Amino acid sequence: MGEHQTVSVAVYGADVKCASCVNAPGSRETYEWLQAAIGRKYNDSMVRYNYYDIHEEGQDGADPSIIQQLLDDELFYPLVLVENEIVGEGDPRLKKVYKALDKNGLQAKENS
């Protein structure tokens, strides 16, 4: 394995907001927001982003057990995973996402 390993960031969600999430950003907005935030702090050419809609079947790379937990309300969406580890659910916090990216070897950009 080379030193240029990619880090996966996955967001599971749905286009329809849950009843208690009416004022929160939607899943797809959260996904796009995360991409922008990560891109500002890190060289995100080393990040592989995936968005999975929990109501869509047959998505390559989606974890069926996570989707089932979301459908059963055992987890809240949007659900954010870094390298298959849950780092945020419902209203994810950037600090936790950044910590997971750091732990997985992503280097923050140098301030110029």
Side-chain angles (χ1 to χ4, degrees):
M1 190 179 292
E3 68 181 64
H4 296 294
Q5 179 182 358
T6 59
V7 176
S8 78
V9 174
V11 176
Y12 287 80
D15 289 337
V16 178
K17 293 182 184 181
C18 65
S20 62
C21 309
V22 172
N23 295 323
S27 299
R28 206 167 287 278
E29 289 93 344
T30 298
Y31 174 67
E32 292 166 359
W33 167 74
L34 274 175
Q35 284 181 307
I38 291 168
R40 281 192 298 274
K41 181 169 171 113
Y42 299 93
N43 173 3
D44 71 347
S45 65
M46 303 308 295
V47 181
R48 185 178 68 252
Y49 297 99
N50 290 297
Y51 177 82
Y52 302 110
D53 188 314
I54 63 172
H55 299 296
E56 202 174 299
E57 298 206 7
Q59 299 172 93
D60 278 349
D63 183 329
S65 68
I66 288 177
I67 289 175
Q68 193 58 54
Q69 289 177 68
L70 286 161
L71 292 172
D72 292 343
D73 294 329
E74 293 170 20
L75 295 170
F76 298 104
Y77 62 85
L79 184 72
V80 180
L81 288 85
V82 173
E83 287 298 308
N84 299 317
E85 177 187 331
I86 296 173
V87 296
E89 63 177 305
D91 187 9
R93 301 282 176 238
L94 273 179
K95 194 177 257 188
K96 280 188 79 175
V97 173
Y98 289 162
K99 189 174 180 181
L101 292 171
D102 292 340
K103 186 178 98 177
N104 283 284
L106 217 56
Q107 299 293 312
K109 291 178 180 175
E110 295 295 319
N111 290 339
S112 45

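Heads up: numbering here begins at 1 and tracks the sequence. Bear in mind the structure is a predicted one, so any value in this text is a computation, not a measurement.
Proximity of Asp91 to Glu89: side-chain heavy atoms (C-beta onward) are nowhere separated by under 4.5 Å. With a 4.5 Å cut-off on side-chain heavy atoms, Leu94 and Leu34 count as touching. Side-chain contact check for Glu83 versus Val7: some heavy-atom pair is nearer than 4.5 Å. Side-chain contact between Val87 and Val9 is absent, with no heavy-atom pair separated by less than 4.5 Å. For the pair Tyr49/Asp44, a side-chain contact is recorded, criterion being any heavy-atom separation below 4.5 Å from C-beta on.
Between the side chain of Lys96 and the main chain of Ile86, no donor-acceptor pair closer than 3.5 Å is present. Tyr12 contributes no side-chain N or O that, together with a main-chain N or O of Ala62, makes up a donor-acceptor pair within less than 3.5 Å. With Asn43 contributing its side chain and Ser45 its backbone, the two residues share a donor-acceptor pair below 3.5 Å.
By the neighbour-count criterion of 12 heavy atoms within 6.0 Å, atom CD of Glu57 is sparsely surrounded, having that number or fewer from other residues, nucleotides or ligands. Residue Asn84 places its CG atom among 12 or fewer non-hydrogen atoms of other residues, nucleotides or ligands, all under 6.0 Å distant.
A tilted orientation is assigned to the rings of Tyr31 and Tyr51, their planes being inclined by 30° to 60°.
Between the CG atom in Leu106 and the NZ atom in Lys41 there is a gap of 10.0 Å [rounded to 0.5 Å]. In this structure, Ser65 OG and Asp72 CG are separated by 11.0 Å, a value rounded to the nearest 0.5 Å. Atom OG1 of Thr30 and atom CG of Leu79 lie 11.0 Å apart (nearest 0.5 Å). Atom CG of Leu81 sits about 8.0 Å away from atom OG of Ser8, to the nearest 0.5 Å.
Taking every heavy atom of both residues into account, Thr6 and Arg48 meet most closely at OG1-NH1, 3.2 Å. Here the closest non-hydrogen pair linking Ala14 and His55 is CB-CD2, 3.6 Å. Asp53 and Gln59 get closest at one heavy-atom pair: O-NE2, 2.7 Å. Taking every heavy atom of both residues into account, Tyr77 and Ser27 meet most closely at CD1-OG, 3.4 Å. What you find for Ile54 and Ile67 is that their closest heavy atoms are O-CG2, 3.6 Å. For the residue pair Asp15 and Arg28, the shortest heavy atom distance occurs at OD1-NE, 3.6 Å.
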Starting from the C-alpha separation in whole Å, work towards a yes-or-no answer on salt bridge (Lys or Arg N to Asp or Glu O under 4.0 Å) for Glu85 and Lys103.
CA-CA 11 Å; Glu85 177 187 331; Lys103 186 178 98 177; 2.7 Å; yes
